[in-house]
Amino acid sequence: MKIIWTCDNMKYTWNIVVAVIINLTIFVADLSQVHAGATEEQMQAAGKLMRDVCLPKYPKVTEDIANDIKNGQLPNNKDANCYVNCILEMMQAIKKGKYQLESTLKQVEILMPESYKAEYRAGAQACKDATNGIKNSGNCDAAHALLTCFKNNIKIFVFP
């Protein structure tokens with residue numbers, strides 16, 4: 001697939017989204033043959049693909065801010081929260097502001113190295129009610145609440 005840069009940012013965005021979806025599909029298809037889950041390198045590569053799609057959508061979220069979030073420093077502002085929402089939606093952990101526990105548990109099995117799985121399963125369960133009752137600012141506040149819960153309940157915090 002060739003990506004063409006034009007003045008039409010929408011065309012550029014859709015080409016990137018299609019490329020990422022194709023790459024993630026190939027990545028997940030490769031993982032379906034592995035019963036132990038992903039390696040840490042594969043998990044990081046999948047995270048980078050998600051980050052590369054979401055970061056351009058929120059230009060106020062700089063690389064430094066995204067790196068802070070990755071390191072567990074979660075700012076609570078609209079742009080950062082919406083960036084987090086974008087990533088969590090791609091991870092199938094949240095949909096329309098609602099936490100998707102079963103989908104999250106499936107993704108843990110597919111995309112996490114074996115050494116992370118028990119910790120993430122427990123953390124996912126602990127956060128089952130993290131988005132309940134949150135209605136402000138669309139889905140973005142719910143995403144912040146969910147990621148904050150993950151950070152507080154999962155000792156091995158990993159986020160793209």
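Values below: every heavy atom of this structure, side chains too, minus hydrogens, waters and symmetry copies. Along the sequence shown, residues are numbered consecutively beginning with 1.
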For the residue pair [X] and [Y], what are the closest heavy atoms and their distance?
X      : Y      : answer
Thr104 : Phe150 : CG2-CZ, 4.5 Å
Ala66  : Val61  : N-CG1, 4.2 Å
Leu55  : Thr62  : CD1-O, 4.3 Å
Ile65  : Lys60  : CD1-O, 3.6 Å
Gln92  : Ser103 : O-OG, 2.8 Å
Tyr58  : Cys86  : CE1-CB, 4.1 Å

Exercise for the section: Verify side-chain contact (heavy atoms from CB on, under 4.5 Å) between Leu49 and Val53, making sure each step is shown before the conclusion. Expected result: CA-CA 7 Å; Leu49 289 172; Val53 168; over 6 Å; no

Practice task
Mind checking the CE-CE spacing from Met50 to Met91? Nearest 0.5 Å is all I need.
Solution key: 5.5 Å

Fill in the blank from the handout: Output for pair (His144 NE2, Asn77 CG), nearest 0.5 Å, gives 8.5 Å

Whether [X] side chain and [Y] backbone form a donor-acceptor pair below 3.5 Å:
X      : Y      : answer
Glu119 : Lys155 : yes
Tyr120 : Ile156 : yes
Thr131 : Ala142 : no
Lys96  : Asn139 : no

Handout entry: Val84 and Leu74: CA distance, side-chain angles, deciding distance, side-chain contact (heavy atoms from CB on, under 4.5 Å) verdict
Key = CA-CA 9 Å; Val84 167; Leu74 309 177; 5.6 Å; no

Problem - Partner set under salt bridge (Lys or Arg N to Asp or Glu O under 4.0 Å) for Glu102, not counting sequence neighbours - result: none

Practice task
With sequence neighbours left out, write down each residue that passes salt bridge (Lys or Arg N to Asp or Glu O under 4.0 Å) with Lys48, or none if nothing qualifies.
Solution key: Asp52

Problem - Step-by-step side-chain contact (heavy atoms from CB on, under 4.5 Å) determination, Tyr116 to Glu40 - result: CA-CA 9 Å; Tyr116 290 60; Glu40 191 156 339; 3.0 Å; yes

Practice task
Would you mind checking if Lys70 and Glu63 are paired as a salt bridge, meaning a charged N to carboxylate O distance below 4.0 Å?
Solution key: no

Handout entry: Lys/Arg N to Asp/Glu carboxylate O, Lys106 vs Glu109, below 4.0 Å
Key = no

Practice task
Using only heavy-atom distances, determine whether the side chains of Asn85 and Glu89 contain a donor-acceptor pair under 3.5 Å.
Solution key: yes

